[in-house]
Every structure is written in structure tokens, then in C-alpha cells.
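Because the structure is predicted, anything quoted here is derived from the model rather than measured.
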Amino acid sequence: MARSPKTSDEDRPGSRNIGALRALWPFIAPYRGIMTLAISALVFTACVSLVLPLAVRRVVDNFEVDAGMLLDRYFAAALVIAGLLALGTAARYYLVTRLGERVVTDIRKALFGRMVGMSPAFYERIMTGEVLSRITTDTTLILSVIGSSASIALRNLLILIGGLALLMLTSAKLTGLVLLIVPAIIVPIVVLGRRLRVLSRENQDWIAASSGNASETLLSVQTVQAYSHEARSKERFDEITEKSFVAARERIGTRAVMTAIVIFLIFAGIVGVLWIGARDVNAGEMSIGALVQFVIYAVMVAGSVGALTEIWGELQRAAGATERLVELLNAEDSLREPSAPRPVPEARGEIVFDDVSFSYPSRPDVSALDHVSVTIAPGETVALVGPSGAGKTTMIQLLLRFWDPKTGRVTLDGTDLRDMARSDFRCRMALVPQDPVIFAASARENIRFGRPDATDAEVEAAAHAAAAHEFLMALPDGYDSQVGERGVMLSGGQKQRIAFARAILRDAPVLLLDEATSALDAESERLVQRAVDRLATGRTTLIVAHRLATVKKADRILVFEAGRIVAQGSHDALVAEGGLYARLARLQFTDGMIEAAE
């Protein structure tokens with residue numbers, strides 16, 4: 001279920017101003033050259049725009065003196081200015097838009113790189129759909145700011161400053177009257193802007209929650225349909241999406257009110273000032289050209305203030321989006337890489353669990369492993385059996401360092417996993433999980449995932465060994481057939497055999513099989529079991545299995561119950577010993593004979 005987002009302003013340091021946007025600087029800084037050129041083009045176009053009213057004043061004041069010459073000269077100059085404006089604006093658009101796209105691309109790459117390395121503990125706290133929403137929706141907001149709003153804001157700020165200066169030169173009296181209304185304009189921007197920022201963050205949080213809910217439902221669509229939960233799922237999605245709309249409606253309403261207040265105050269002030277200016281012209285204290293110049297500058301200043309008000313709202317939204325992205329970039333991972341990783345020792349495949357205890361964060365009071373100690377010799381094949389939830393798969397996950405033990409340590413060839421870089425020791429392991437992950441790519445690329453530099457011949461040899469070659473050749477394009485998202489075009493057994501081929505291709509010294517034959521039919525299981533027997537030779541192999549027929553040949557069997565190893569030995573020894581394993585064996589083999597007889 002998607003979680004309700006938190007929107008309390010007090011819970012977010014930095015949410016009271018747009019200072020959160022400073023977090024974007026590390027991504028912008030490498031492109032200072034492009035930014036400098038863009039700002040130069042922007043300053044140039046702003047300056048050219050501010051020159052126009054000066055020319056208009058001269059035309060108006062001197063029109064009756066030498067109209068023909070002035071018309072020719074100033075209209076020719078207008079064409080030149082138009083050309084300069086066009087070139088400057090085009091350069092600004094290209095440079096700023098390119099900068100925005102470049103920065104957002106870097107942010108997305110940094111976010112994905114950070115998220116793909118996070119441990120499972122992180123994804124217990126946040127849904128993948130929410131992460132995807134931040135990578136896509138939030139970065140799109142930032143793109144609109146860097147690639148458009150920021151440059152427009154700066155241009156209007158320059159026009160505002162330059163326009164005010166030229167207004168002062170034109171008429172200090174009228175400019176002083178204009179400045180009197182500035183505080184009245186700033187107050188609603190500050191007051192309503194704070195409310196707008198909170199609503200913008202809330203809107204983005206609900207969008208993320210909506211994405212998380214949709215992702216979870218669509219990834220499990222067959223289960224949803226099998227239990228006739230379409231209507232309930234739609235109702236839940238509609239509820240979350242509607243809350244997103246309500247937050248957006250409140251944000252839009254607040255922004256509309258702020259815009260209306262600001263525009264009215266600006267133009268009401270201009271009308272009042274122009275009324276006074278017109279009286280000065282009538283009294284001979286000001287020329288018509290000066291008044292026209294003042295009017296144009298006043299309109300430009302008013303327009304820039306209005307634009308800045310609009311952009312302020314965009315900056316508020318971008319600040320909220322930046323906060324959410326920074327949360328991901330700065331998210332703490334419970335599994336930290338060592339600051340000075342120890343080199344991985346020579347691969348032998350010795351595995352030691354030394355007094356290991358572990359509880360999952362979501363169930364801290366339940367011990368998944370309780371003081372487990374076991375040494376697995378290089379090249380030994382060890383089977384882990386026991387009831388569901390006894391701790392078998394947890395052993396595999398701790399060995400891959402998806403989690404760290406609460407107490408004790410796990411070592412590979414004498415070195416604690418926490419002292420090595422995860423990528424260094426994981427490359428020495430090959431995993432075949434119970435639920436194989438199949439990517440939306442070709443069958444060949446799915447197998448090659450085990451070793452990206454493998455040749456086509458090596459890929460096909462691995463498929464042969466995993467009893468996958470025959471069904472792969474029967475696909476429309478053979479090994480190059482697209483298997484669909486999560487392997488939707490394949491059966492469960494076919495997915496499992498591709499996962500086996502991937503592990504075979506990896507050719508790692510440690511092989512981890514977590515219920516790896518659970519989805520195979522009897523014939524495929526027999527073929528794959530032969531492949532496992534060949535692959536396990538000379539490798540350390542851990543086999544998690546409920547079907548005891550698949551572990552009878554193991555060198556040693558560890559029997560788990562309630563997170564502890566309660567017995568260990570060969571199949572025959574454990575059966576003779578009695579206890580949990582003997583009971584499980586009796587139930588399975590007796591049931592198997594009854595089913596065969598039926």
C-alpha cells in the first residue's frame with residue numbers, strides 16, 4: 001500500500017526558503033563555461049531591450065523638428081536592434097536549455113547510481129514507484145527551472161533593476177511614487193509564497209505515492225485479477241490520485257490569488273503614477289517624450305515584477321522537488337562500504353558463519369538466525385533444509401551481504417565481508433533465486449547478464465548445460481527472441497533454466513541455489529540436477545531446498561528450525577538419527593510414493 005506523504009513544514013529543514021536549490025550547484029558547477037556564455041547572452045538582450053525606450057523618447061520629442069531624418073534613422077536602428085535581440089535570445093535559449101538538459105541528465109544518473117546500490121533495508125522504507133517518480137517527475141520540474149525559469153527570472157531581474165535606474169533618471173519624483181507600492185507587492189509574495197511551497201511539496205508527495213501504488217499494482221496485475229481486486233485497486237489509486245489533484249488545486253488557487261493581488265497592485269500603482277505624470281506634462285514640467293519613456297519603462301518594470309511573481313511559484317515547486325531528490329542522494333544506507341576495502345583473498349570458497357544472529361528491521365523482535373556457527377569447506381556442497389521461515393534464505397542473503405548480521409560475522413576465505421567492497425566478493429558468487437529475475441531483453445542478453453563479456457558460443461554452451469537450449473531454439477528468433485517484461489513470454493520453468501544458464505556462465509567459485517529447482521518439471525529438474533552436479537564439482541555450493549530429493553547427494557545437510565541449526569550430517573545419517581529431518585523425509589517420500597501409486 002502507498003503511504004501518505006508527510007507535508008509538515010516544520011519537518012523539513014530549509015523548506016522555508018528556496019535555499020534548497022543550492023543543492024543543485026554541484027551539478028551545475030562543472031558547466032560554468034556554458035553558464036557564463038548564457039548569462040552573457042542574457043545580459044546583452046536585457047541591455048538591448050532597455051535601450052529601446054530611449055530611442056522612443058528622442059523620436060517623440062524631436063518628431064516635429066526633423067521627422068523624415070529621425071524616422072529613417074531610428075527605424076533602421078530598430079531593425080538592427082531586432083536582429084541583435086533575435087541573435088541574443090536564440091543564443092540564450094540554446095545555451096540555457098542545453099545546460100538544463102545536461103544538469104538534469106547528470107542528476108538522474110547520480111540518483112539511479114545511488115539507488116541501484118542501496119541495500120534491501122532501504123527499500124523496506126520506500127516504494128520503488130516513489131523512487132521512480134522522484135527520478136522522473138521531480139527532475140522534470142528542475143529541468144523547467146534550470147532550462148527556462150532561471151534564465152527568464154534573471155532577465156526580468158536585470159530589466160527590473162535597469163528599468164528602475166532609468167526610471168529614476170527619467171523622473172525621480174514619479175519613480176519615488178512607484179517605489180512606494182513595492183512593499184505592498186512584496187508582502188503577498190512572501191506570505192503566499194510560503195503557503196505555495198508547502199502545497200507544492202504536498203502535491204509532489206502525492207504524485208510519488210500515486211506512482212508507487214500504480215507500480216505495485218501493475219507489477220502484480222495477475223494476482224490482482226485472479227482475486228478480482230480490480231475495482232478495489234482502482235478505488236485505492238483513484239483516492240490517492242484525487243488527493244494529488246486536491247493538493248494541486250490548492251496550489252493553483254494560491255498562486256492565482258497571489259498573481260491577481262500582485263498584478264492589481266502593480267498596475268494600480270502605474271495608473272496613479274501616470275495620472276500624476278500627465279498632470280506634470282500638462283503643467284509643462286515634463287516633456288511628452290519623457291512621459292512616454294517613463295511609461296514604457298514602467299510597463300517593462302511592471303511586467304518583470306509580474307514575471308518574477310510567476311517564476312517565484314515555479315522556484316517554490318523546484319525547491320520542493322530538490323529537497324526530495326537530495327533526500328535520496330543523501331539517504332543513509334545501513335550497509336556501508338568500508339572506507340579502505342581489504343583486497344579479496346585468493347578464491348578458495350571457504351565460508352564461515354561465526355556466531356551469527358540476525359533480525360529483519362521490519363521484525364526486530366523475531367530472530368531469523370540465532371547464534372548460528374558453521375564452517376563450509378572449499379568445494380563442499382552443503383544443503384540447507386527446514387520449514388519455511390527457519391532461516392535458510394537468510395543465510396544466502398547474509399552471504400551476499402544484502403544485510404549485515406546483528407552479532408557475529410560472515411567471512412569468505414578468512415576475510416569479513418564487511419571489510420571488503422561488495423562488488424569485489426559478489427563477483428565470486430553466482431545466485432539462482434527461487435523467483436528468477438528476467439529482464440525485458442532477449443534470451444541471449446538475459447543469460448549474458450551472468451558475464452557481460454561472454455561470447456555467443458559461451459552463452460549457448462551455458463544454455464545447453466542448463467537444459468535451456470531446446471526451448472530457446474523453439475522461440476521465434478531463437479536466442480535473440482525478446483522475452484518481455486519480467487519474462488512474461490516464458491513459463492516459470494523456462495525462467496528458472498535461464499537463471500541457471502546465467503549462473504553457469506558466471507563460472508564463480510561459490511554457487512548459491514535458493515529453491516532453484518522449485519519451478520521445474522520432473523524431466524527438467526533431472527536435466528538441471530545433472531548440470532548442478534557437474535557445476536558443483538570443485539565449487540563451494542549452498543543449496544536451499546524444501547524438496548529433499550534434490551539434496552540427497554549433498555556432502556552435508558544443515559537442518560534449520562527457528563533460526564538455529566538443529567542437526568547436520570549426510571542424508572542417510574540424518575534419517576537414521578530421527579528428529580526433524582527424518583520427519584520431513586518421511587512425509588515427502590511417503591507422499592511421493594502415494595502420488596506415484598495414484
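Nearest approach of Val356 to Pro405, heavy atoms of both residues: CG1-CB, 3.6 Å. Taking each heavy atom of His371 and Ser357 in turn, the nearest pair found is N-OG, 2.9 Å. Among all heavy-atom pairs drawn from Ile557 and Ala554, the shortest one is CG1-CB, 4.3 Å. The shortest non-hydrogen separation linking Gly391 to Leu369 is O-CD2, 3.5 Å.
To the nearest 0.5 angstrom, Glu445 atom CD is 12.0 Å from Ile498 atom CD1. Atom CE of residue Met429 and atom CZ of residue Arg401 lie 11.5 Å apart, to the nearest 0.5 angstrom. Here the CD1-CG distance, from Ile107 to Leu329, works out to 8.0 Å after rounding to the nearest 0.5 Å. One finds the CG atom of Asp355 at 5.0 Å from the OG atom of Ser373 (value rounded to the nearest 0.5 Å).
Arg556 places no side-chain N or O within 3.5 Å of a backbone atom of Thr381 that could act as its donor or acceptor partner. A distance-only check finds a donor-acceptor pair linking the side chain of Gln496 to the backbone of Pro433 [under 3.5 Å]. Glu242 places no side-chain N or O within 3.5 Å of a backbone atom of Glu239 that could act as its donor or acceptor partner. With Arg451 contributing its side chain and Leu505 its backbone, the two residues share a donor-acceptor pair below 3.5 Å. A distance-only check finds no donor-acceptor pair linking the side chain of Ser367 to the backbone of Asp370 [under 3.5 Å]. Side-chain atoms of Lys392 come within 3.5 Å of backbone atoms of Gly386 as a donor-acceptor pair (strictly under, hydrogens ignored). Using a distance-only test at 3.5 Å, with no hydrogens or angles considered, a donor-acceptor pair links the side chain of Asp413 to the main chain of Arg348. Counting only distance, with no hydrogens or angles, the side chain of Glu235 and the backbone of Arg232 share no donor-acceptor pair below 3.5 Å. Here the side chain of Ser481 pairs a donor or acceptor atom with the backbone of Gly478 at under 3.5 angstrom. Under the 3.5 Å distance criterion, the side-chain polar atoms of Thr540 are matched with a main-chain donor or acceptor of Gly349.
Pairs passing the ring-ring contact (aromatic ring centres under 6.0 Å, His included) check and including a residue from residues 381-417, sequence neighbours excluded, read Phe358-Trp403, Tyr360-Trp403.
Side chain to side chain, Asp514 and Thr393 meet the donor-acceptor criterion of an N or O pair below 3.5 Å.
With respect to the salt-bridge test (charged N to carboxylate O, under 4.0 angstrom), the residues Glu458 and Arg448 do not qualify.
Remark: Phe112 CZ is loosely packed, at most 12 non-hydrogen atoms of other residues, nucleotides or ligands lying under 6.0 Å away. Heavy atoms from other residues, nucleotides or ligands lying under 6.0 Å from CE of Met489 number 12 at most. Applying the 6.0 Å contact sphere to CD of Glu470 captures no more than 12 heavy atoms from other residues, nucleotides or ligands. Phe425 CZ: more than 12 foreign heavy atoms inside a 6.0 Å radius.
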May I have the list of side-chain donor-acceptor pairs in residues 335-343 shorter than 3.5 Å, sequence neighbours left out?
residue : atom : partner : partner atom : Å
Arg336  : NH2  : Glu332  : OE1          : 3.0
Glu337  : OE1  : Arg422  : N            : 3.2
Glu337  : OE2  : Arg422  : N            : 3.4

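Evaluated for a side-chain contact (heavy atoms from CB on, under 4.5 Å) with Ile351, the options Val374, Thr375, Leu542 yield exactly one hit, Leu542.
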Quick one, Glu327 with Arg134, criterion salt bridge (Lys or Arg N to Asp or Glu O under 4.0 Å). Give me CA distance, side-chain angles, the key distance, then yes/no. CA-CA 10 Å; Glu327 285 176 3; Arg134 297 190 189 192; 3.2 Å; yes
